[in-house]
Protein chains: 4
Amino acid sequence: MAKNKKNKIIATSTKLFAVQGFDNTTTLQIAKESGVTEPLLYYHFKGKEEIFTDIIQRIFDEYSTLFETLPKDTQNEFEKISNLFKLHISLAESRPHDGRLIMANCPSKLKNDRHICQEVVNRQHEMITSYLREALEKGNASGEFDAHPVEDLIIVILCLINGILRKKLLGKKEATSYEFSAIEFCRRALIPNK
Amino acid sequence: MAKNKKNKIIATSTKLFAVQGFDNTTTLQIAKESGVTEPLLYYHFKGKEEIFTDIIQRIFDEYSTLFETLPKDTQNEFEKISNLFKLHISLAESRPHDGRLIMANCPSKLKNDRHICQEVVNRQHEMITSYLREALEKGNASGEFDAHPVEDLIIVILCLINGILRKKLLGKKEATSYEFSAIEFCRRALIPNK
Amino acid sequence: MAKNKKNKIIATSTKLFAVQGFDNTTTLQIAKESGVTEPLLYYHFKGKEEIFTDIIQRIFDEYSTLFETLPKDTQNEFEKISNLFKLHISLAESRPHDGRLIMANCPSKLKNDRHICQEVVNRQHEMITSYLREALEKGNASGEFDAHPVEDLIIVILCLINGILRKKLLGKKEATSYEFSAIEFCRRALIPNK
Amino acid sequence: MAKNKKNKIIATSTKLFAVQGFDNTTTLQIAKESGVTEPLLYYHFKGKEEIFTDIIQRIFDEYSTLFETLPKDTQNEFEKISNLFKLHISLAESRPHDGRLIMANCPSKLKNDRHICQEVVNRQHEMITSYLREALEKGNASGEFDAHPVEDLIIVILCLINGILRKKLLGKKEATSYEFSAIEFCRRALIPNK
DNA sequence: AATGAATGAGAATTCATTCAT
DNA sequence: TATGAATGAATTCTCATTCAT
């Protein structure tokens, strides 16, 4: 019963923060849409900010877990990159609120370097970066990829993934399945033609 | 004298909205940092929202003007695409507040379809889209590009540009000049190897 | 405890609205004189206007209840009219704030046809009108009254009652008990001399 | 030209104060609807309150002038009373804004004994009172009227006139010409049947 | 006589948070 | 766990009035 209400608060807050933004969501609104009263929010959380923090933490934990499941040994290195795209695309589809919450609220939190938003974004950045670095270095070494500077490529690919997520989460629906075109686009940019 | 103060209000608001977000910026703060009193904001603008609206409008007008200056006849079609990247990269560098303001505030305004944010984002989207469509179709026709489906490519390139802007505007500085690597990345994805 | 404070707010507001007028009464003043803080006003009422609305409603409800207690069977019809005068006179004496609040604030609210002021004034008007109509018609039929046109008489008597109330509520005290002279005045105008 | 604008300000203010009330009318609104700017208001008047004061003064001056024109020698005393009714009725019809302004704004000004509203109302009260006193005393002496106590009658007739004015100015239109029924009503109350 | 620009004082309202129970 | 009542601190906005010209 108790867990129930706490979870309801988290779910409601996630949705509201994602759709309206943190600043535009009031504690009263969270309480009402969760079917509880405001003081209960303060029983379960230290304050509005902590609800947000907890959500971010949860999102990142789930993300990390999924990230760990990416197969370590693949037929070739590009498959790893392709898997990275697919993971993010599928996340954006299965948990749209989570992604939107990050996209819409983190920017304005970025003034504060110590903010958990920043911290989590950094950690995620490191995870992806080192994942990509390994793949690109191995691919360059094996001749699978044209030997382009790795650090630059990492960032470019990261930008592409982020751009696609931003579009999926905040933009309008598109008729074409551009997500997979993006993977092919990336493949052509990395792999030399015979 | 008069124009001075109004312009100061606009400049201050642009900076504050960009750095802190619209909701986190108070009219008192705008007034103080502009060296005026609050009521003057209401003399020059209908309200806080109108300050925002005016800024968005100005940003879009300047953007449109610059967009028009993109050279129509280039040696090849990829140069057009390259110019598009360069235009946005240089804008992000020369007017960081403008870009940050859009990136950080528009998402949370997007719930409202009629909001000027939405409107402006749509118009900009159309401009870039038709610009890219023309270049890609011509390039495909002339054999300059590998003949990939145009509509998908448009979106992918758009996502890449947006991803780069997002990184430049909201992310941390990077040592490498990834922006130009992105152009090369794009070139390899479009132009067939001999 | 809780009801206490809400009632204090209502009582204070009634007094202030009556004495100073709605527009001249601030929420801060209501709060201070009620011994509460401003936000509590907004906890119990939607806003300043709703405090007013609630008061008007309460006044009308009490008025209606009293109106119902007017005896239906009297020795003659003029007694009914006399009772109507007495009811209003005694109300003006026992609840001066209520009457003053209506007299002083409703006029400026009358531009809006849908305002509760208008609505309540109309309903009260109907109650009195039909009460008078019945008495006058019966009195005319029985020969108790000189047979003057009923609809005109209704309005004239209504005007007289209103004029007296206005004087009692907004004017200065008079030495003479003109209220009862008004009843006699009315009697002479209605009842034929032998 | 100059007088023109000042008069426009007075006319506009009279209308606005009458329709919306003093407190609900802003100086900006007065300025705009008068086709001038706010500072001009302060060139011609000391402030908003003085505009009001001037209007009240003008209304009273015009009223006094008209009051003086009431014929001193009439066929009988009741004609004087009848003339008093007619004067007020015709004033309410010819200058509705003036009457409404007084009716709607003076009550809330009455807390202040020294306010011009109070002063003017008092002076008008005296004028009518002494006018009525003379007529009633003479009529009583000559046997034209039933000999009822004069002071009471004065107040009752005053209340009736005020009630009718209030109805004409603030109430809804009525089909019947109750104003003249009121005079007849009064006549029957004063003059003995043979 | 007239105005564009500016302001001090205060208005209604909101919000995250807490207290007593 | 849970809540009805309450509040300190802001927030957006308005208004009568004034200044410089």
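Lettering follows sequence order; numbering is per chain, from 1. All values below were derived from every heavy atom in this structure, side-chain atoms included, with hydrogens, water molecules and symmetry-related copies excluded.
- When the C1' atom of F:dC15 is taken as reference, atom NZ of D:K48 falls 8 Å away, rounded to whole Å.
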Under the criterion side chain to side chain contact (heavy atoms under 4.5 Å, CB included), I'd like the reasoning laid out for C:Q118 against C:N122: C-alpha separation, chi angles, the key distance, then a yes or no.
CA-CA 6 Å; C:Q118 189 63 286; C:N122 287 344; 3.7 Å; yes
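- Judged by distance alone, the side chain of B:N105 and the main-chain N or O of B:F22 form a donor-acceptor pair under 3.5 Å.
- When the nucleotides E:dT7, F:dT7, E:dA2 are ranked by their closest atom to the side chain of D:L40, E:dA2 comes out on top.
- Between C:T53 and C:C117 there is no side-chain heavy-atom pair separated by less than 4.5 Å.
- In this structure, C:L16 places its CG atom 12 Å from P of E:dA12, rounding to the nearest Å.
- Rounded to an integer number of Å, the gap from CG of C:D23 to P of F:dT14 is 16 Å.
- In this structure, D:Y43 reaches the E:dA1 phosphate: one of its side-chain N or O atoms is under 4.0 Å from OP1 or OP2.
- The nearest whole Å value for the distance from the CG atom in C:N24 to the C1' atom in E:dG10 is 13 Å.
- Judged by closest nucleotide on DNA chain F, B:K46 is the one of D:K46 and B:K46 placed further toward the 5' end.
- Here C:Y42 does not reach the OP1 or OP2 of E:dT14: none of its side-chain N or O atoms lies under 4.0 Å away.
- Ion pairing between C:E38 and C:K32 fails under the 4.0 Å rule for side-chain N and carboxylate O.
- A close approach under 4.0 Å does occur between a side-chain nitrogen or oxygen of C:K5 and OP1 or OP2 of F:dA6.
- The phosphate of F:dG4 has neither OP1 nor OP2 within less than 4.0 Å of any side-chain N or O from C:H44.
- Dashed line: the shortest gap from a side-chain N or O of D:T27 to OP1 or OP2 of F:dA16 is under 4.0 Å.
- Between the side chains of C:E49 and C:H115, a donor-acceptor pair is found at a separation under 3.5 Å.
- Each of B:T37 and C:G47 was matched to the nucleotide of DNA chain E holding its nearest heavy atom; the match closer to the 5' end belongs to B:T37.
- The separation between B:L41 atom CG and F:dT14 atom C1' is 13 Å, rounded to whole Å.
- The residue among D:P39 and B:E38 whose nearest nucleotide of DNA chain E lies closer to the 5′ end is D:P39.
- When distances run from any side-chain atom of C:T26 to the nucleotides F:dA16, E:dA12, E:dT7, the shortest one goes to E:dA12.
- Look at D:K8 and D:E33 and you find no salt bridge, because none of the NZ, NE, NH1 or NH2 atoms lies under 4.0 Å from a carboxylate O.
- Protein atom CD1 of B:I30 is 12 Å distant from nucleotide atom P of F:dT11, rounded to whole Å.
- Rounded to a whole Å, the CZ atom of A:F17 is 9 Å from the P atom of E:dA16.
- Here D:F45 contributes atom CZ and D:I51 contributes atom CD1; the two are 5.5 Å apart, rounded to the nearest 0.5 Å.
- For the pair B:Q29 CD and F:dA10 P, the computed distance is 13 Å after rounding to whole Å.
- Looking at DNA chain F, the stems built from 3 or more consecutive Watson-Crick or G-U wobble pairs, each pair with its key distances under 3.5 Å, are E:2-21 with F:2-21.
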